[in-house]
Undergrad: 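Would you mind keeping the following structure in view while I ask a few things?
We use all heavy atoms of the structure for the numbers below, so side chains are in, but hydrogens, waters and symmetry mates are not. Chain letters run A, B, ... following the sequence lines, proteins first, then strands; residues in each count from 1.
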Number of protein chains: 2
Amino acid sequence: MGTRNPGQRAGLTRGAVLAAANELLAERGLAALTMRAVATRLDVAPNALYSHVANKTALLDEVLDERLALVTEPDPDGDPAAGLHAVMTSTRAVLLDRPDLVPLYLARQGARGPHAQRLGEVMLGLMDRAGVTGGDAREALRVLIVYTIGFAALGTGGPLAADETARSFDRGLRWLLTGIIPG
Amino acid sequence: MGTRNPGQRAGLTRGAVLAAANELLAERGLAALTMRAVATRLDVAPNALYSHVANKTALLDEVLDERLALVTEPDPDGDPAAGLHAVMTSTRAVLLDRPDLVPLYLARQGARGPHAQRLGEVMLGLMDRAGVTGGDAREALRVLIVYTIGFAALGTGGPLAADETARSFDRGLRWLLTGIIPG
DNA sequence: CAATATAGCTGGACGTTGTACAGTTTGCCA
DNA sequence: TGGCAAACTGTACAACGTCCAGCTATATTG
């Protein structure tokens with residue numbers, strides 16, 4: 001019953017592999033996210049995954065970017081500072097649901113996937129409407145991203161409780177936004 | 001010549017193990033920092049390390065904290081904001097010299113060693129002198145640490161050059177400090 | 001409809017990692 | 001001088017990522 005069917009198609013797809021990886025990550029953490037574990041969950045031999053994913057790094061890259069798809073986009077015509085505030089807050093919340101992921105973003109020096117790119121463009125658009133452009137905008141973008149990812153990384157543990165951490169995040173974020181968009 | 005002496009004391013010390021780990025990290029990066037590599041460098045069997053270090057995690061913890069000893073302490077009687085600025089700038093520089101280390105700080109949810117603790121107290125002292133106390137001070141401390149470690153993590157790669165990144169860091173840091181210590 | 005190519009899967013294996021176990025050797029202290 | 005604890009060794013194990021060679025069910029072609 002549960003035994004694998006030698007030489008038979010299991011109907012494995014790239015999406016199924018990704019989904020299994022995500023489930024594993026949510027249920028048992030990053031350390032448990034091994035190729036073998038993903039394969040076991042899909043009732044498949046470990047190397048079968050390599051028909052759909054180049055290697056583990058590539059798999060993680062996709063898990064990473066897929067996560068960012070959950071960030072809610074702000075109203076592009078609303079108040080720019082409020083929009084930026086909303087994006088960063090949402091990003092932090094999304095990352096906080098998978099704390100193990102965050103060190104990976106940093107080890108990879110940030111995300112480069114399509115969803116990450118889209119978010120960056122949205123934020124640049126908001127800044128543009130607030131009169132922050134060119135190099136200044138890119139610098140500010142970097143500051144906001146670093147701050148948010150950093151807080152997601154350090155946000156779960158530590159001596160402060162969750163809501164206190166959320167308040168700290170919010171205060172610092174406002175300080176930054178005030179600096180970026182004065183008045 | 002290079003052969004090991006079976007059953008003979010090699011004069012290994014905890015400090016030597018730590019030093020070897022640090023060298024390896026500096027010369028070949030985190031991926032090359034394996035127990036076996038450390039042992040080879042000390043001309044010793046891999047498991048000999050376990051007489052001096054509990055396990056690899058403990059070894060890394062000590063490498064991590066040792067690194068923070070290099071952060072220059074500020075004048076405790078100078079201008080508080082300037083002092084905080086100096087500590088964070090120094091911290092970033094120290095971490096930037098071992099970029100591989102930074103994701104580890106984040107994976108461990110911050111540093112807990114004695115040097116990390118000392119730095120925290122110094123910073124709290126500066127804030128106290130600036131009139132920021134209690135929960136406000138702890139929140140501000142967290143914000144500054146997260147920002148600095150985050151920037152060290154994302155500071156090396158990316159589209160901007162090193163000096164541009166340094167300038168971004170400085171701008172954001174000033175925004176935060178202005179928020180923490182107005183006027 | 002038959003022959004062939006191909007993509008998806010399998011078993012098995014390799015090299016590397018962290019670390020446990022048991023034994024041997026050494027230096028120190030009673 | 002006898003013995004003991006600490007330091008070090010060889011050996012081994014489980015788990016990891018990933019490669020290779022085969023088998024097979026499906027898709028493609030004549």
Undergrad: S51(B) near the nucleic acid: base, sugar-phosphate alone, or nothing, with a heavy-atom cut-off under 4.0 Å?
TA: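 Base contact.
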Undergrad: Would you mind telling me which of dT10(C), dG17(D), dT19(C) lies closest to the side-chain atoms of Y50(A)?
TA: dG17(D)
Undergrad: Rounded to whole Å, please give me the gap between CG in L42(A) and C1' in dT10(C).
TA: 15 Å
Undergrad: Apply the side chain to side chain contact (heavy atoms under 4.5 Å, CB included) test between L84(B) and each candidate in D79(B), L126(B), V122(B), L141(B); give the one that qualifies.
TA: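 Answer to the side chain to side chain contact (heavy atoms under 4.5 Å, CB included) test with L84(B) among D79(B), L126(B), V122(B), L141(B): L126(B).
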Undergrad: To the nearest Å, give me how far apart CZ (R14(A)) and C1' (dG8(C)) are.
TA: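 Rounded to whole Å, this separation is 15 Å.
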Undergrad: In this structure, how many angstroms lie between the P atom of dT17(C) and the CG atom of N55(B), rounded?
TA: 17 Å
Undergrad: Between R14(B) and E62(B), does any NZ, NE, NH1 or NH2 come within less than 4.0 Å of an OD or OE carboxylate oxygen?
TA: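 Looking at R14(B) together with E62(B), the answer is yes, because their closest N to O distance falls below 4.0 Å.
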Undergrad: For A37(B) and for R36(A), find the nucleotide of DNA chain C with the closest heavy atom, then tell me which residue's nucleotide is more 5'.
TA: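 On the 5' side of the pair lies R36(A).
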Undergrad: R92(A) and side chain to side chain contact (heavy atoms under 4.5 Å, CB included): which single residue from D170(A), T165(A), V71(A), L173(A) fits?
TA: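 Testing each of D170(A), T165(A), V71(A), L173(A) against R92(A), the sole residue satisfying side chain to side chain contact (heavy atoms under 4.5 Å, CB included) is T165(A).
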Undergrad: Taking donor-acceptor contacts at under 3.5 Å, does the side chain of N47(A) reach the base of dG8(C)?
TA: no
Undergrad: If I take atom CG in residue D43(B) and atom P in nucleotide dA7(D), what distance separates them, rounded to the nearest angstrom?
TA: 18 Å
Undergrad: May I have the distance from L49(A) (atom CG) to dC19(D) (atom P), rounded to whole angstrom?
TA: 13 Å
Undergrad: Taking atom P of dG18(C) as reference, at what distance in whole Å does atom CG of L59(B) sit?
TA: 10 Å
Undergrad: Whole angstrom is fine here: how far is it from CG in L33(B) over to C1' in dT17(C)?
TA: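 So the two atoms are 12 Å apart, to the nearest Å.
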Undergrad: According to a strict under-4.0 Å criterion, is H52(B) in side-chain N/O contact with OP1 or OP2 of dC8(D)?
TA: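 Answer is yes, contact under 4.0 Å.
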Undergrad: Pair Y147(A), F169(A) - check ring-ring contact (aromatic ring centres under 6.0 Å, His included), show working.
TA: CA-CA 9 Å; Y147(A) 177 77; F169(A) 172 74; 5.5 Å; yes
Undergrad: Given dT10(C), dC16(D), dC8(D), identify the nucleotide with an atom nearest to the side chain of A48(A).
TA: dT10(C)
